[in-house]
Amino acid sequence: MIYDLKELITFARENSKFYRALYQNLSSDIRLESLPILKQEEFWKSNKFKNNELLTEDFSEGILFKSGGTSGHPKFSVFTEKEWSMFTEEFGKGISNGFLKDGDYVGNLFYAGELYASFAFIMKSLEKCPKKIVQFPMTGNMRNKDIVKTIEEYKINVLAGVPTTFINLADYIQKNKIEINIRLILFGGEPLYQDQITILNHAFPNAAIASIGIASVDGGHLGYFDPSCKNGEHKVFKDSTIIEIIDEDTNEKIVEPGRIGRLVYTNLTRKLMPIIRYPAGDRAEWIEYGAKFKLNGRSDEGARIGPVTLGSDDILNIFSEKNIGTSIMSFQLIINHQEGLDQLTILLVIDNETIIDKNQLLCLLYKERPMIKQAVESKVIAGPVIKLVEIFELVKNERTGKKRLVIDLREIESVSS
């Protein structure tokens, strides 16, 4: 069900302790622009499995997914059965607006397990997609030789998964001089870069490459891809979401194309866990105001390195376990992409009296976020780097002098479909 915005806001204020406190000083004249933009740290602090202050009612039916966070501070996102059905139905409609055709055989290579949403979400969305297709639930955990065997045996002509899965598969195909006929590659979960596109074009010469759409388990369906979109561009689900792009320094609403700000998201289909003016963690710009936007890296809410998400608040949570957090005066996350892999560099400013072993910090990071270690060992991302720096070495906004927590140096290139 799609709710009216005023109805959703009123319901959240009346039934969620978190939203009641957040909106206590608001007038009865409810307008989106008058609402505060959520602070992720406060939002997730209220969303505990016990004594939850965010949900509007008891969680008694539906589905729960893990949404990042360290093992000591896990985050989760919940949907009622109807909300989950609506989420996947809307995203499925979005997929049908792309290059998928009736009669396609689609291999789902997204990852499953450990409460992660991607495989189950894509599988359900493809079920809801209006196109008449056949699904093959392969998962990204399959060995490359088994993926190839399954493709050949069942004449699969479309693959859906994360870019790093396709890059590993392409490497295997080329090293073993294998030829398989794939018509379409649908990627999601992470950006696709020009060096990766070149690799995929060589391994899958007949394949068009397109985004499957963007969504987050935190918020919901963010955007869909159609043939008018270039890589990094997506269209807005106008009926069921509200997308805003907000100036990072002034909190001014951006309406003109080409001006980059942070993407703020309102989901009109969720009442159990309301998502109202939620910072999605991405920077974006309008291509066409209110209709089409382009992603431009991560905002200060978190870093996305390959398939792994690391929130800026996670850094202090991770390192505070060993009483290290109290000595961190400031930090910055730098994301780069080189030689086909994403890499995270953590810049730490510590007080002069503290002695820190960087290897110990790296071990602690791997312990608390094992998915990072797994991704490094699988050569999905490059190993993270920890650097101890002086405060003046942190990158600041040239206009305002403010420090940015996340610096995304990656560039997204256009895909030629």
Side-chain angles (χ1 to χ4, degrees), residues 99-100 104-114 116 118-119 122-123 134-212 231-232 304-308 335-344 366 370-385 409-417:
F99 296 99
L100 207 58
D104 278 335
Y105 281 22
V106 185
N108 183 350
L109 291 173
F110 281 91
Y111 283 86
E114 298 187 40
Y116 292 112
S118 60
F119 178 84
I122 294 300
M123 183 173 181
V134 177
Q135 275 200 77
F136 296 81
M138 300 162 70
T139 84
N141 303 312
M142 282 185 75
R143 295 178 300 179
N144 285 323
K145 69 175 185 178
D146 294 326
I147 293 175
V148 170
K149 181 180 178 181
T150 304
I151 290 171
E152 293 175 335
E153 183 174 359
Y154 295 103
K155 309 300 180 185
I156 292 169
N157 66 333
V158 177
L159 295 177
V162 296
T164 45
T165 296
F166 296 136
I167 296 301
N168 287 335
L169 179 60
D171 181 64
Y172 175 81
I173 287 172
Q174 292 191 296
K175 284 181 178 177
N176 290 278
K177 296 181 171 54
I178 298 170
E179 293 184 8
I180 55 175
N181 187 23
I182 296 297
R183 185 186 74 77
L184 175 63
I185 290 175
L186 294 172
F187 71 91
E190 39 180 288
L192 186 68
Y193 303 98
Q194 186 57 55
D195 57 345
Q196 297 172 318
I197 294 168
T198 301
I199 293 170
L200 296 183
N201 285 337
H202 281 107
F204 307 99
N206 300 319
I209 303 171
S211 168
I212 200 169
N231 193 24
R304 181 83 174 180
I305 317 99
V308 183
I335 318 168
N336 210 337
H337 181 84
Q338 51 190 349
E339 297 182 3
L341 298 176
D342 285 356
Q343 184 174 47
L344 173 68
Y366 284 160
M371 191 175 179
I372 296 178
K373 185 178 182 181
Q374 292 166 8
V376 172
E377 291 174 345
S378 302
K379 297 183 180 179
V380 171
I381 63 174
V385 175
L409 301 177
R410 299 170 294 189
E411 293 183 359
I412 301 175
E413 301 291 343
S414 296
V415 173
S416 299
S417 297

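A quick note: this is a predicted structure, and the numbers were derived from the prediction, not measured. Numbers for residues simply follow the sequence, beginning at 1.
- A heavy-atom distance below 4.5 Å is found between the side chains of Val158 and Arg183.
- Heavy atoms only, all atoms of each residue included: Ala203 and Gln174 are closest at N-NE2, 4.0 Å.
- Within the 4.5 Å cutoff, the side chain of Leu192 has no heavy atoms near those of the Phe166 side chain.
- In this structure, CG on Leu109 lies 5.5 Å from CG on Leu159, to the nearest 0.5 angstrom.
- Annotation: side chain of Ile209 is not in contact with side chain of Phe204 (no heavy-atom distance under 4.5 Å).
- Ile178 CD1 to Ile151 CD1: the interatomic distance, rounded to the nearest 0.5 Å, is 9.5 Å.
- The nearest pair of heavy atoms linking Ile305 to Ile335 is CG1-CG2, 4.5 Å.
- The heavy-atom pair separating Ala112 from Thr139 by the smallest distance is CB-CG2, 4.5 Å.
- Proximity of His337 to Gln196: side-chain heavy atoms (C-beta onward) are separated by under 4.5 Å at one or more points.
- Within the 4.5 Å cutoff, side-chain heavy atoms of Asn144 are placed close to those of Ile147.
- When side chains are defined from C-beta on, Asn181 does not count as touching Asn157, because their heavy atoms never get closer than 4.5 Å.
- The minimum heavy-atom distance between Leu200 and Ala170, with the atom names listed, is CD2-CB, 4.2 Å.
- Atoms CZ and CG, on Arg143 and Asn168 in that order, are 15.0 Å from each other to the nearest 0.5 Å.
- Counted within 6.0 Å of CZ on Phe136, heavy atoms from surrounding residues, nucleotides or ligands total more than 12; the atom is thus considered enclosed.
- Counting only heavy atoms from C-beta outward, the side chains of Val376 and Pro384 approach each other to under 4.5 Å.
- Here the closest non-hydrogen pair linking Ala210 and Leu184 is CB-CD1, 4.5 Å.
- Counting heavy atoms from C-beta on, the side chains of Thr165 and Tyr111 come closer than 4.5 Å.
- Annotation: the span from Lys379 atom NZ to Leu341 atom CG amounts to 9.5 Å, rounded to 0.5 Å.
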